[in-house]
**Student:** 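I'd like to ask you about the structure that follows.
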Number of protein chains: 2
Amino acid sequence: MRARASNPNFMNGVPELLILNLLQWREMYGYEIVDAIRQRSDAVLEVGEGVVYPVLHGLERDGVLKSHRRRINGRSRIYYSVTARGARHRAHLSQTWSSLTAAIQKILRGGQHGESVP
Amino acid sequence: MRARASNPNFMNGVPELLILNLLQWREMYGYEIVDAIRQRSDAVLEVGEGVVYPVLHGLERDGVLKSHRRRINGRSRIYYSVTARGARHRAHLSQTWSSLTAAIQKILRGGQHGESVP
DNA sequence: TCATTATACCTTGTAGTTCAAGGTATAGGG
DNA sequence: CCCTATACCTTGAACTACAAGGTATAATGA
């Protein structure tokens, strides 16, 4: 019931949705994804590493992502990219998100259901 | 990581948001809320009684809702309505929802971040 | 030179939430 | 008289986001 201090709920499944949509364009590594989500959302969305890494591992385990290690400036990075199955999963997830938010928006707007005055 | 069979995630905090926005217009009882969510969303959103009742109890405990029992056709119903504090809470929650979905949408759309072609 | 910061990976435990699957009781229709 | 609809409720399980840790290397700067 109690909203959390940082992100006030609403975030269930969202990290997975965001990650898949970021990776659809080009491969990225975990640390980069954390930054990308913060920057592209103007710091509205803050998804920590403790969220991103487990999601990446889970998606790879499920065959949605694949990874390969690369060395950049003596630094080891693990780049993730979307598999064919992952592309289908991303499309399905994004559509579900659209559908749900549209339905929610409909209720938020109210209208023609007997509400007299706000 | 694994999406659930029924509602594929994305539903965290949403019942609270929906309930508060429904009750902003007129008082309703639990069973009625369950039906209203299903009907107004064209069955896209399905929030069971096992979700609605605990949320109602929690919101009343927090002073966001108040309730009174009424007898209709020999049936006992518990009607809930929004308190003054609840009205503020509803406004704040709705605004957060708008802000978050806007930020998410921005990332879903992609654009100007180095993605070559879909 | 040495300490600090930034990069980059990771795991653990906790708290909160949804959900299915139950349970109780009354009213009304067939 | 049974079954459905109405109307309330609780429990346990599963999942998830999150904070708070931990490791190691490169670069910065004092």
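Convention: sequence-line order gives letters A, B, ...; per-chain numbering from 1. Nothing here was measured: the structure is a model prediction, and the numbers come from that model. Because only heavy atoms are used, hydrogens play no part in the values below, and waters and symmetry mates are left out as well, while side chains stay in.
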**Student:** So which nucleotide from D/dA17, D/dT10, C/dC10 ends up closest to the side chain of A/Tyr80?
**Tutor:**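 It is C/dC10.
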**Student:** Answer yes or no: is there a side-chain heavy-atom contact under 4.5 Å between B/Leu108 and A/Leu17?
**Tutor:** yes
**Student:** If a stem is a run of at least 3 consecutive Watson-Crick or G-U pairs, both distances under 3.5 Å, which stems include DNA chain D?
**Tutor:** C:1-30 with D:1-30
**Student:** In this structure, how many angstroms lie between the P atom of C/dA8 and the CG atom of A/Asp35, rounded?
**Tutor:** 9 Å
**Student:** Can you identify which nucleotide, out of D/dC9, C/dA8, D/dC8, has its nearest atom closest to the A/Tyr29 side chain?
**Tutor:**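 Selected nucleotide (nearest to the side chain): C/dA8.
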**Student:** Under 3.5 Å, which protein N or O atoms sit close to an N or O of nucleotides 3-5 of chain C? Give each pair with its distance.
**Tutor:**
none

**Student:** Checking A/Asp35 now: which residues fulfil side chain to side chain contact (heavy atoms under 4.5 Å, CB included) with it, not counting sequence neighbours?
**Tutor:** A/Arg38, A/Gln39
**Student:** Would a 4.5 Å heavy-atom cut-off, applied to side chains only, mark A/Lys106 and B/Val44 as touching?
**Tutor:**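 No. Closest side-chain heavy atoms not under 4.5 Å.
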**Student:** For residues 97-105 of chain B, please give each side-chain donor-acceptor pair under 3.5 Å, one per line with the distance, not counting sequence neighbours.
**Tutor:**
unit_1	atom_1	unit_2	atom_2	d
B/Ser98	OG	B/Ser94	O	3.2
B/Thr101	OG1	B/Trp97	O	2.8
B/Thr101	OG1	B/Ser98	O	3.0

**Student:** Quick check on DNA chain D: between B/Ser76 and A/Val51, whose nearest nucleotide comes earlier from the 5' end?
**Tutor:**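 Upstream on the strand: B/Ser76.
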**Student:** In whole angstroms, how far is the P atom of C/dT18 from the CD atom of B/Glu49?
**Tutor:** 16 Å
**Student:** Could you go through nucleotides 26-30 of chain C and list every protein N or O atom that sits under 3.5 Å from one of its N or O atoms, giving the distance for each pair?
**Tutor:**
unit_1	atom_1	unit_2	atom_2	d
C/dT26	O2	B/Arg75	NH2	2.6
C/dA27	O4'	B/Arg75	NH2	3.2

**Student:** Run the side chain to side chain contact (heavy atoms under 4.5 Å, CB included) check on B/Leu65 and B/Thr83 step by step: do they pass?
**Tutor:** CA-CA 5 Å; B/Leu65 298 180; B/Thr83 64; 5.7 Å; no
**Student:** Identify, with sequence neighbours excluded, every residue that meets side chain to side chain contact (heavy atoms under 4.5 Å, CB included) alongside B/Val52.
**Tutor:**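 Partners of B/Val52 by the side chain to side chain contact (heavy atoms under 4.5 Å, CB included) criterion, ordered by chain and then number, come out as B/Ile19, B/Ile33, B/Val34, B/Val47, B/Leu56.
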**Student:** CZ of B/Arg70 versus C1' of D/dA7: gap in Å, rounded?
**Tutor:**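 Interatomic distance, CZ of B/Arg70 to C1' of D/dA7: 15 Å.
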**Student:** Quick one: side chain to side chain contact (heavy atoms under 4.5 Å, CB included) partners of B/Arg69, sequence neighbours excluded?
**Tutor:**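 Applying side chain to side chain contact (heavy atoms under 4.5 Å, CB included) to B/Arg69 gives B/Ser76, B/Ile78.
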**Student:** Expressed as a whole number of angstroms, how long is the span from B/Ile72:CD1 to D/dC8:C1'?
**Tutor:**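 Rounding to the nearest Å, CD1 of B/Ile72 and C1' of D/dC8 are 15 Å apart.
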**Student:** With sequence neighbours left out, write down each residue that passes ring-ring contact (aromatic ring centres under 6.0 Å, His included) with B/Tyr29, or none if nothing qualifies.
**Tutor:** B/Tyr79
**Student:** Show me the pairs that pass salt bridge (Lys or Arg N to Asp or Glu O under 4.0 Å) and involve residues 74-93 of chain A, at least two apart or across chains.
**Tutor:** none
**Student:** Tell me the interatomic distance from B/Tyr79, atom OH, to D/dT6, atom P, rounded to whole angstroms.
**Tutor:**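 Those two atoms, OH and P, are 13 Å apart.
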**Student:** If the condition is side chain to side chain donor-acceptor pair (under 3.5 Å), which residues does A/Ser67 pass it with, not counting sequence neighbours?
**Tutor:** A/Glu60
**Student:** Taking any heavy-atom pair under 4.0 Å as a contact, classify A/Gly50: base, sugar-phosphate, or nothing.
**Tutor:**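 The residue A/Gly50 makes base contact.
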**Student:** Nearest whole Å is fine: how far is C/dC10 C1' from A/Arg77 CZ?
**Tutor:**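 After rounding, the gap between these two atoms is 17 Å.
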**Student:** Restricting to salt bridge (Lys or Arg N to Asp or Glu O under 4.0 Å), what partner residues turn up for A/Glu32, sequence neighbours left out?
**Tutor:**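 With neighbours one apart ignored, the set is A/Arg26.
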**Student:** Roughly how many Å is it from CG in A/Leu45 to P in D/dA17, rounded to a whole number?
**Tutor:**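 Answer to the nearest Å: 12 Å.
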**Student:** Does OP1 or OP2 of C/dC10 have a side-chain N or O of A/Tyr53 closer than 4.0 Å?
**Tutor:** no
**Student:** Atom CE of A/Met11 to atom P of C/dT18: distance rounded to whole Å?
**Tutor:** 15 Å
**Student:** To the nearest 0.5 Å, what is the distance between CZ (A/Arg40) and CG (A/Leu45)?
**Tutor:**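 Going from CZ on A/Arg40 over to CG on A/Leu45, the span is 12.5 Å.
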**Student:** Can you see if the side chain of A/His57 gets near the phosphate of C/dC9 - specifically, an N or O under 4.0 Å from OP1 or OP2?
**Tutor:**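 No, outside the criterion.
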**Student:** Using only side-chain N and O atoms of A/Tyr31, determine if any of them is under 4.0 Å from OP1 or OP2 of C/dC9.
**Tutor:**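 False: A/Tyr31 side-chain N/O out of range (4.0 Å or more) of C/dC9 OP1/OP2.
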**Student:** Can you tell which of C/dT11, C/dC9, C/dT18 lies closest to the side chain of A/Pro54?
**Tutor:** C/dT11
